[in-house]
2 protein chains.
Amino acid sequence: MQSLDNNALRKAMSARGLKVTPQRMAIYGALLSAGGHPSAEEVFGAVRRVLPNVSFDTVYRALLSFTELGIISVHEAGGKKRFDPNLAGHHHLHCMRCNRITDFHSPELDSVKLPPQAGKGFQVLSMRMTVEGICSACSAKNRGRNGR
Amino acid sequence: MQSLDNNALRKAMSARGLKVTPQRMAIYGALLSAGGHPSAEEVFGAVRRVLPNVSFDTVYRALLSFTELGIISVHEAGGKKRFDPNLAGHHHLHCMRCNRITDFHSPELDSVKLPPQAGKGFQVLSMRMTVEGICSACSAKNRGRNGR
DNA sequence: TTATTATATAGGAATTATTCTTATTTGTCA
DNA sequence: TGACAAATAAGAATAATTCCTATATAATAA
């Protein structure tokens, strides 16, 4: 997995006028150690073990700020945002029933270029193929049709 | 845009054991006429003009059911689900500030095949490239750093 | 066509994720 | 160090989604 060390993290923040706070450092670290594609709530839990007084709002805003810096990415699934510090190109399989996200890699996708007319002046922060569907475990369960 | 006529819609539902109700027919119709990538709330508003007593929950569940049928697709952005009846392959540019979604087409992307190990037993309902970033209008505004 | 029954619906309440507000604190830069 | 814009904590407010319950209805078989 490709991510930033503390030094690069500081640099990324100050280069864009973001203050380097202990909270932000800890939040990035917690995101790294959380693994997978944690929600803000999960990152919050992990940061709390290091900074017991950090507020949820601070964690949430920091994650959004990191996303705007382009040093992490966000993916909304299952009604909540999930954050991902992995900068290496990868793509997502999202199960619409259990909301589990599985990464996959595809050299073919990584080499794709956007059609130039697609993003006139659009500042690209991340580009990801999302495959929506039902995972094998959930298909097996075969829940009722009307949802729930 | 590629979508279903009433007959194909009925067939798609009954083939999977879903009852064909006037609500569901109207909901699909409203989604088509809404255009763009409407949220459940927007579809609800449109359906209401045809069936004034339909409930939000019914609209919401119908949209989720349609998604599971694979006859529409869903895309979560800006904290809400957005529904899309367009079955023709297309991809999304999502502005993280204003949450506007713009479609783009890419023959290159459409021809991509998933690596076989990616989705062992995964039932694919839709496959879409999502480009996250900041649109030109929002870049121009250059809002504050800490969000909001 | 009618009776049966599983499924769907309306209406409203409850839940959950996200965003906002305010008072206070803290990096950063001169 | 001092000034100040930016960030934080705490909790309230908002908005999207899901759930609950009683009733209605589409599909099926007789």
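Naming: A, B, ... by sequence-line order, numbering from 1 per chain. Both backbone and side-chain heavy atoms feed into the values below; hydrogens, waters and symmetry mates do not.
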Report the distance from atom [atom1] of [X] to atom [atom2] of [N], rounded to the nearest whole Å.
X	N	atom1	atom2	answer
B:Lys81	D:dA15	NZ	P	18 Å
A:Arg82	C:dA17	CZ	C1'	12 Å
B:Glu41	D:dT18	CD	P	14 Å

Looking just at side-chain N and O atoms, do B:Asp110 and B:His91 make a donor-acceptor pair shorter than 3.5 Å?
-> yes

Close side-chain approach of B:His37 to B:Asp103, heavy-atom, < 4.5 Å | yes

With respect to the side chain of [X], which nucleotide from [options] is positioned closest?
X	options	answer
B:Lys80	C:dT9, D:dT17, D:dA6	D:dT17
B:Asn53	D:dA7, C:dG11, D:dT18	C:dG11
A:Lys19	C:dT26, D:dA9, C:dT9	C:dT26
A:Phe56	D:dA26, C:dT19, D:dA6	C:dT19

Under 4.0 Å between a Lys/Arg side-chain N and an Asp/Glu carboxylate O for B:Glu76 and A:Lys81?
->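 No, this pair does not count.
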
Lys/Arg N to Asp/Glu carboxylate O, B:Arg97 vs A:Glu68, below 4.0 Å = yes

Touch class at under 4.0 angstrom, heavy-atom based, for A:Pro22 against every strand present | sugar-phosphate

Tell me whether the OP1 or OP2 atom of D:dT25 has a side-chain N or O from B:Thr21 closer than 4.0 Å.
-> no

